[in-house]
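As a basis for the values below, the full set of heavy atoms in this structure was taken, side chains included, without hydrogen atoms, waters or symmetry mates. These figures come from a predicted structure and were not determined experimentally. Just so it is clear: chains get the letters A, B, ... in the order the sequence lines come, proteins before strands, and each one is counted from 1.
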Amino acid sequence: MNPELLQNADIFRARVLDWYHQFGRKDLPWQQNVNPYRVWISEIMLQQTQVSTVIPYFERFMARFPSVQALADSPVDDVLQHWSGLGYYARARNLHKAACVVDEVFAGEFPRNVDTLTTLPGIGRSTAGAIASISMGIAAPILDGNVKRVLARLHAIEGWPGDKKVADRLWQIAEGYSMAEQNRADTREYTQAMMDLGATLCTRSKPACTVCPLVDGCKAVAEGNPTAYPHSKPKKDKPVKATWMLMLQHKGELLLYRRPDQGIWGGLWSFPEFGSEDALQQHLALQGLKPRQQTSLEPFRHTFSHYHLDIHPIHITLSRKLPSVMEGLDQVWYNESQIEQLGLAAPIKKLIQILHHANPVKQ
DNA sequence: AACCCGGGGCG
DNA sequence: CGCCCAGGGTT
């Protein structure tokens with residue numbers, strides 16, 4: 001462990017810059033003829049799309065809109081057309097809006113400080129930092145996804161970066177490293193180096209720690225699990241619901257009803273459901289049914305995107321068919337030959353198969 | 001099929 | 001302020 005790497009910004013920057021000079025990418029289109037306009041456009045494109053896809057878009061965009069004035073002077077539909085295929089069209093609209101603001105409010109010159117840059121539509125703190133540091137030599141930190149990952153691992157920052165407290169901590173660290181004494185070339189290269197490090201070495205799932213210039217200072221590596229950082233979004237624990245499913249069998253047939261179009265498994269065929277075992281038993285009593293044979297199958301959990309459903313299947317064998325079980329809904333006595341014909345939710349299909357397996361139907 | 005992304009918009 | 005969304009790529 002090398003604590004100086006974490007505490008001394010000069011040592012940290014020297015390591016990062018040295019790596020960048022040896023291995024970093026320096027020939028990307030937006031790294032040529034660097035100016036605020038080109039950096040801005042590239043940053044917005046790179047927020048949503050990977051480098052290899054962005055390159056041709058960037059070239060076409062620059063050929064058509066070579067300057068912020070050219071962009072401001074063009075109809076927004078023209079801008080959207082050159083954005084077509086990238087998605088996130090609100091960003092293209094913001095691009096055009098911001099170009100107009102730069103043209104009209106700032107006399108065609110990008111503001112030379114982060115706070116004013118941030119007032120432009122579509123430019124937040126990170127994009128402003130990238131424009132300021134890369135194209136203006138201003139010592140501003142950035143915190144895009146790549147840098148977030150590098151810093152969260154290096155310092156083993158607990159928590160999800162979407163949480164404000166965690167983001168604030170990461171910004172604080174980024175600021176600490178970016179503020180060290182430096183010259184203008186350093187500032188540009190340092191920012192590019194940090195993004196490159198995150199994009200090419202400190203990747204989300206397979207970080208190349210063995211060749212990382214920061215490995216000896218990396219707390220996540222010291223803990224033995226760099227990919228644990230940054231912590232992922234806490235999946236809000238899903239509520240657990242329970243249902244009791246009535247599997248009525250008569251000879252080789254099972255009673256299914258068609259679910260309403262709205263709600264889960266809309267329009268699919270399913271077993272009658274009840275909110276509790278008591279409700280199920282009460283229903284049976286109302287139907288004048290006193291089952292001789294009743295089996296509770298092993299309850300199991302089915303998980304939806306937004307909740308868990310604990311399914312308690314209750315199997316009952318009848319000696320005669322009931323006329324109607326679920327008031328007002330289509331029902332059908334189902335046998336195995338219909339397996340392809342009816343739309344069944346996955347757990348229902350599973351349940352039917354379990355039953356057939358346990359009690360092979362004697363036809 | 002879940003996760004990810006910088007910034008905007010909403011309650 | 002916190003929460004959700006966009007929209008397609010990666011894993």
> A:Tyr229 pairs by side-chain hydrogen bond (donor to acceptor under 3.5 Å, both in side chains) with which of A:Arg153, A:Glu158, A:His155, A:Lys148?
Replying inline: A:Glu158

Which atom pairs, donor and acceptor, lie under 3.5 Å between side-chain atoms of residues 198-213 of chain A and protein residues at least two apart or in another chain?
residue, atom, partner, partner atom, Å
A:Thr200, OG1, A:Asp196, O, 2.8
A:Thr203, OG1, A:Lys206, O, 3.0

> Reckon A:Leu143 touches a base, only the sugar-phosphate, or nothing at all at heavy-atom distances under 4.0 Å?
Replying inline: nothing

> Just how far, in rounded Å, is P of C:dC1 from NZ of A:Lys164?
Replying inline: 5 Å

> Between A:Phe274 and A:His283, how do the two ring planes meet: parallel, tilted or perpendicular, split at 30° and 60°?
Replying inline: tilted

>> Using a 6.0 Å cut-off, check whether atom CE of A:Met1 has over 12 heavy atoms from anything other than its own residue.
In response: yes

>> Strictly by ring-ring contact (aromatic ring centres under 6.0 Å, His included), give each pair with a member in residues 182-215 of chain A just once, sequence neighbours left out.
In response: none

>> Categorize A:Asp144 for me: base, sugar-phosphate, or nothing, with a 4.0 angstrom heavy-atom threshold over every strand shown.
In response: sugar-phosphate

>> Is it the case that the side chains of A:Gln293 and A:Thr295 hold a donor-acceptor pair, with the cut-off being a distance below 3.5 Å and no angle test?
In response: yes

Nucleotide N/O to protein N/O under 3.5 Å, stretch nucleotides 9-11 of chain B:
none

> What pairs with A:Asp144 under side chain to side chain contact (heavy atoms under 4.5 Å, CB included), at least two apart in sequence or on another chain?
Replying inline: A:Ser126, A:Ile142, A:Asn146, A:Val147, A:Met195

> For residues 91-148 of chain A, which residue pairs qualify under ring-ring contact (aromatic ring centres under 6.0 Å, His included), counting only residues two or more places apart or in two chains?
Replying inline: A:Trp40-A:Phe110

Show each protein N/O and nucleotides 8-11 of chain C N/O combination with a separation under 3.5 Å, one pair to a line.
residue, atom, partner, partner atom, Å
C:dG9, O3', A:Gln50, OE1, 3.2
C:dT10, OP1, A:Gln50, OE1, 2.4
C:dT10, OP1, A:Gln50, NE2, 2.9

